[in-house]
There are 2 protein chains.
Amino acid sequence: MESQGEAGRINQRRRTRKDILAAAARLLRMGRSPGMDDVAAEAGVSRATVYRYFPSVEALLVEAPLDGAVPGPAEVFGGDPSTDPVDRADRAEAILHDMVYRNEGQLRAMLAASLQRGEARAEGVPVRQNRRMPLIRAALAPARSRMSGEAHDTLCAALALMYGVESMVVFSDVLGIGEAQARRIKSWAVRALVRAAMEESEAHASSTRNVMPRASGL
Amino acid sequence: MESQGEAGRINQRRRTRKDILAAAARLLRMGRSPGMDDVAAEAGVSRATVYRYFPSVEALLVEAPLDGAVPGPAEVFGGDPSTDPVDRADRAEAILHDMVYRNEGQLRAMLAASLQRGEARAEGVPVRQNRRMPLIRAALAPARSRMSGEAHDTLCAALALMYGVESMVVFSDVLGIGEAQARRIKSWAVRALVRAAMEESEAHASSTRNVMPRASGL
DNA sequence: AAGTTTGTGAGACAACTGTATCATAATGAG
DNA sequence: CTCATTATGATACAGTTGTCTCACAAACTT
């Protein structure tokens with residue numbers, strides 16, 4: 001055999017890699033912040049092998065699968081007759097809220113890893129993925145035609161501030177607020193923002209003044 | 001001398017502590033993420049001494065002073081005749097916005113440090129400083145008497161999601177939005193939230209229904 | 001000037017991270 | 001089956017973090 005790299009023993013490597021990620025996710029789900037030794041022991045492989053698949057513990061934790069698949073827009077609003085953007089935005093937040101608090105430890109690790117990209121960052125490390133915007137867009141779909149593009153983008157960006165892990169960090173670490181309180185506060189804020197954007201768009205329909213700033217590149 | 005603890009050599013200890021924090025801030029301002037050795041060398045003290053004042057690198061970086069003092073409520077609203085909570089909240093956000101983007105590197109390091117080893121949380125060590133709540137409270141002071149305590153606390157918590165470093169992380173890393181855009185979006189959202197809370201409170205004054213959830217412990 | 005208290009420096013130490021090397025065992029091709 | 005390929009295990013290693021102990025020197029008290 002001369003073709004190396006791709007066609008060595010793909011199945012074995014895939015299985016090992018999957019086992020390592022599963023072990024990491026299992027430990028993260030226990031609330032621990034595992035080190036390489038822990039992951040290796042849990043996966044039943046040696047520490048050196050884990051390092052052969054992931055260059056650092058951060059890179060490993062970032063790729064560890066989340067508990068419970070993050071539902072896409074189709075799963076959330078698929079067979080949904082509701083057309084009220086306020087309710088839909090609120091419900092989308094509730095779903096992401098549950099996912100975030102169920103995977104708190106892992107998401108914190110992922111956020112921390114993405115923040116250290118300040119100085120010297122490796123090449124292959126995956127950046128941050130954006131799970132929230134598709135959900136937000138889908139939630140606001142019924143109101144999309146009633147708003148200007150700028151108003152829609154601004155609202156999307158503002159909602160993105162409340163939908164992700166970062167809001168949980170603020171609630172927990174800065175404000176010392178628990179999950180239930182956080183959910184109630186975000187629910188109120190999300191509804192207020194969507195309502196405000198729609199009211200401004202309606203007002204804009206009769207006058208020519210645009211209250212909302214532009215927000216492109218989303 | 002038998003009374004130890006308080007009256008030992010307070011001045012010396014204060015000076016050492018200040019030097020260590022200043023050294024850490026100096027290194028952070030260079031964009032580095034210093035370790036204990038670096039801080040000790042920069043401060044001109046031994047590594048053991050640094051550990052005598054701060055139990056970990058995280059605790060040290062969290063307390064490191066920022067470039068340009070964060071103005072307190074007095075400096076911002078001291079000789080200020082404005083009483084519109086919407087404008088005041090917007091202006092407070094603008095001030096914190098400038099501070100955040102001026103200290104982006106250090107604040108990212110501080111945020112990462114606070115997330116890093118979330119497992120072993122020390123007892124007396126503050127996880128995060130809370131610079132934003134005093135400003136938010138001062139901004140909303142003119143409206144404080146016109147709202148219920150629950151409505152006020154909920155609004156404060158919702159605003160706290162937009163005032164700090166975390167919103168910058170969302171804008172930059174998740175949405176890819178620059179500073180000016182971020183400021184405009186936050187300005188709109190802040191104004192919309194304050195306005196919504198005040199309108200609901202006015203409506204509440206005539207009816208008995210309370211739309212806003214409770215948020216205590218701020 | 002004692003003598004005592006107390007902050008500091010120096011170094012040893014275990015634990016963990018990330019890298020490198022070598023030997024072994026599993027795998028697939030002939 | 002036989003043999004070369006290759007993933008893996010077992011180490012050893014340097015670097016860092018955080019703890020600890022001991023000795024020294026600066027301060028305060030009398």
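Below, chains carry the letters A, B, ... as their sequence lines are ordered, and counting in each starts from 1. Because only heavy atoms are used, hydrogens play no part in the values below, and waters and symmetry mates are left out as well, while side chains stay in.
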> Do B:R183 and B:E179 sit within salt-bridge range, that is, some charged N less than 4.0 Å from a carboxylate O?
Replying inline: no

Rounded to whole Å, the CZ-P distance (B:R15 to C:dG7) equals 13 Å

A:R17 atom CZ is separated from D:dA7 atom P, nearest whole Å, by 14 Å

Q. So does A:R191 pair up with A:D87, basic N to acidic O under 4.0 Å?
A. yes

Taken to the nearest 0.5 Å, the spacing of A:R131 CZ from A:I136 CD1 works out to 13.5 Å

Separation of C:dC16 atom P from A:D38 atom CG, nearest Å, is 7 Å

* Asked: Going by an N to O cut-off under 4.0 Å, is there a salt bridge joining A:E166 and A:R108?
  -> no

A:Y53 atom OH is separated from C:dG18 atom P, nearest whole Å, by 18 Å

Taking C:dG7, C:dT17, D:dG18 as options, the one with an atom nearest any side-chain atom of B:R13 is C:dG7

Using only side-chain N and O atoms of B:T16, determine if any of them is under 4.0 Å from OP1 or OP2 of C:dT8. yes

Rounded to whole Å, the CZ-P distance (B:R14 to C:dT6) equals 17 Å

A:D19 CG to D:dA7 C1', in whole Å, measures 14 Å

note: B:L61, atom CG; D:dG18, atom P; distance rounded to Å ~ 10 Å

N/O to N/O distances under 3.5 Å, protein versus nucleotides 19-23 of chain C:
none

Between the CG atom in A:D153 and the CE atom in A:M147, the distance rounded to the nearest 0.5 Å is 9.0 Å

Are B:S46 and C:dG9 close enough that a side-chain N or O sits under 4.0 Å from OP1 or OP2? yes

Rounded to the nearest 0.5 angstrom, the OG1-CZ distance for B:T154 and A:R184 is 9.0 Å

Which pairs would a plain distance check flag for residues 17-25 of chain A, meaning a side-chain donor or acceptor within less than 3.5 Å of a matching protein atom at least two apart in sequence or in another chain?
| from | atom 1 | to | atom 2 | distance (Å) |
| --- | --- | --- | --- | --- |
| A:R17 | NH2 | A:E63 | OE1 | 2.5 |

From CD of B:Q12 across to P of D:dA25 the rounded distance in Å is 15 Å

